Amino acid sequence: MNLLALVDCDNFYASCERVFRPDLKKIPIVVLSNNDGCVIARSKEAKSMGIGMGVPWFKIKRAYLAQGGRVFSSNFALYGDLSNRVMHVLSGMSQSMEIYSIDEAFLGLHHLQDPRDAYAFGIHCRSTVHQWVGVPVRIGIAPTKTLAKVASHIAKKRNGGTGVACLHTAGQIKRALRDIPAHEVWGVGRQLSSQLNELGVISAFDLSEVDISLIRKKFSVVLERTVRELRGEPCLEIQEKNAPKKQIIVSRSFKTRINNQEELKPLISNFAARAAEKLRNEKQKCSKVSVLIATSPFEKTSQYRGFASFQFSTPTNDTRSILLGATKALNDSFKGNYIYAKAGVLLSSFSCQEVEQQSLFQDMRDGLLLQPSAELMQCIDLLNQEQQQIYFASQHPESFARVQTKMMSPRYTTNWHELPTAS
DNA sequence: TCTGGGGTCCTAGGACCC
DNA sequence: TCTGGGGTCCTAGGACCC
């Protein structure tokens, strides 16, 4: 039997905050989203205080701090770097690995002769990551990805356990599935679970027993795969190569609401410039830039979501073209008399940077007839690498400047001025 | 006062082809 | 009275994930 392991960092962002702050062990920690809007990560202690995922910070701030909880603004430089370190350690422990997210990876365990060795491997893997990087992980081992996720759930639930759970016999799998509600299965979200409940499917075990053809007819091939995977039939392979991105989004909620296009424009330009930079970093070009703007769904005032795209006749990754396209899309999506809370820029329809498919007709739309310059972009990217130094005229530097809020921890591992000191 | 940001995959339906 | 039957490609939107 081929097994695979899901390695999942415990409460990743909260754990990262503890790596260089051992004094915070056992103390509740929450990490906040951009603009310190809402909670995006909680330590075990914060969870047991009843702090929910995604709750607005302002609602819990007072009570939480009064109970001795600690809070951090998100420090993605730190989390990204620690994630890379975890992944690097894991990559040395298996021949096949898929980095699934910033805090999760699947490992192929073909190298294990006997499934009974899997558990020992998990223990070894966990202690190595903990020792070398300082981040606690839990490990679920099973014949399919979906079951490995289930196993990881079990490893989490077993309080005071080893942090490793292994499901490889039919009996183990059956018992595990009975204990887990269907909505906790990977790939079953809110919509699906309520529809499944109506069919009498409550537990993961129920789901694994449903007639496949019914699932296919009533739902989709996606859920069918989930059911098969729960039965131990692998449908999702480990994807070792990280596939090229198919879209890039840069979006933000605003600190203060905006109701006019003039104020929106420099923000959209910031997002577009950042997106173009990411695109070049991916070594791709795009044929479409879209702009999305939205009012706050929490407001009682009238709601509006605007979306408009601009198509390039020739694929580009030149910031200047992307800025022009984004400005036009903003024009098309904007409607007056609304109070906007969020906006973003989306790049899509990618093609490889090297391949140049010229348009049969030249793009005569005003202003877009400019000579793209890879050298210029390269130069700008180089100058902006460490710190943003070059801006385009339509951008608004201050509104996008990285604010080092008081609640953000130092970038211990990625900035010379913020190295941890030993005393 | 204050409610995240970034992705993927699949499907239905329209446009178009022979 | 009778109004084909496949295909492909593209896109928008929905569902999910972390």
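Since the structure is predicted, the reported quantities are computational estimates derived from the model, not experimental observations. Order of the sequence lines fixes the chain letters, A, B, ..., with proteins taken first and strands second; residue numbering starts at 1 for each chain.
Remark: A:R158 engages no residue in a salt bridge (charged side-chain N to carboxylate O under 4.0 Å, His left out) (not counting sequence neighbours). Scanning for salt bridge (charged side-chain N to carboxylate O under 4.0 Å, His left out) contacts around A:K245 gives A:E282, with sequence neighbours left out.
For an aromatic pair to be called close, the ring centres must be under 6.0 Å apart, and A:F72 with A:Y13 fails this.
The side-chain heavy atoms of A:R320 and A:M377, taken from C-beta on, include a pair separated by under 4.5 Å.
Here the OG atom belonging to A:S290 is positioned 12.5 Å from the CG atom belonging to A:L330, to the nearest 0.5 angstrom.
Among pairs with a residue in residues 66-83 of chain A, those fulfilling side chain to side chain donor-acceptor pair (under 3.5 Å) read A:E17-A:Y79, A:D36-A:S73, A:S73-A:T405, A:N75-A:S409, A:D81-A:R85, A:D81-A:T413, at least two apart in sequence or across chains.
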If the sugar-phosphate is the primed atoms plus P, OP1 and OP2 and the base is the rest, what is the B/S/- string for nucleotides 3-14 of chain B, using protein heavy atoms under 4.0 Å?
BBSSSBSSS---
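A salt bridge links A:E45 to A:R18: at least one charged side-chain nitrogen sits closer than 4.0 Å to a carboxylate oxygen.
Inspection of the A:N11 and A:K47 side chains reveals an N or O donor paired with an N or O acceptor under 3.5 Å. Inspection of the A:T316 and A:D318 side chains reveals no N or O donor paired with an N or O acceptor under 3.5 Å.
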Fill in the dot-bracket string of DNA chain B, one character per base: . for unpaired, | for a pair to another strand, ( ) or [ ] for pairs within the strand, taking Watson-Crick or G-U pairs under 3.5 Å.
....||||||||||||||
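The side-chain tip of A:K288 does not point at the ring of A:F312 from less than 6.0 angstrom away and within 45° of straight on.
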Mind listing the N/O atom pairs, protein and nucleotides 15-18 of chain C, below 3.5 Å?
{"residue": "C:dC16", "atom": "OP1", "partner": "A:G189", "partner atom": "N", "Å": "3.1"}
{"residue": "C:dC16", "atom": "OP1", "partner": "A:G189", "partner atom": "O", "Å": "3.4"}
{"residue": "C:dC16", "atom": "OP1", "partner": "A:R190", "partner atom": "N", "Å": "3.4"}
{"residue": "C:dC16", "atom": "OP1", "partner": "A:Q191", "partner atom": "N", "Å": "3.3"}
{"residue": "C:dC16", "atom": "OP1", "partner": "A:L192", "partner atom": "N", "Å": "2.8"}
{"residue": "C:dC16", "atom": "OP2", "partner": "A:Q191", "partner atom": "N", "Å": "3.4"}
{"residue": "C:dC17", "atom": "OP1", "partner": "A:G187", "partner atom": "N", "Å": "2.8"}
{"residue": "C:dC17", "atom": "OP1", "partner": "A:V188", "partner atom": "N", "Å": "3.3"}
{"residue": "C:dC17", "atom": "O3'", "partner": "A:W186", "partner atom": "NE1", "Å": "3.3"}
{"residue": "C:dC18", "atom": "OP1", "partner": "A:K149", "partner atom": "NZ", "Å": "2.8"}
{"residue": "C:dC18", "atom": "O3'", "partner": "A:S101", "partner atom": "OG", "Å": "3.1"}
{"residue": "C:dC18", "atom": "O3'", "partner": "A:D103", "partner atom": "OD1", "Å": "2.8"}
{"residue": "C:dC18", "atom": "O3'", "partner": "A:E104", "partner atom": "OE2", "Å": "3.1"}

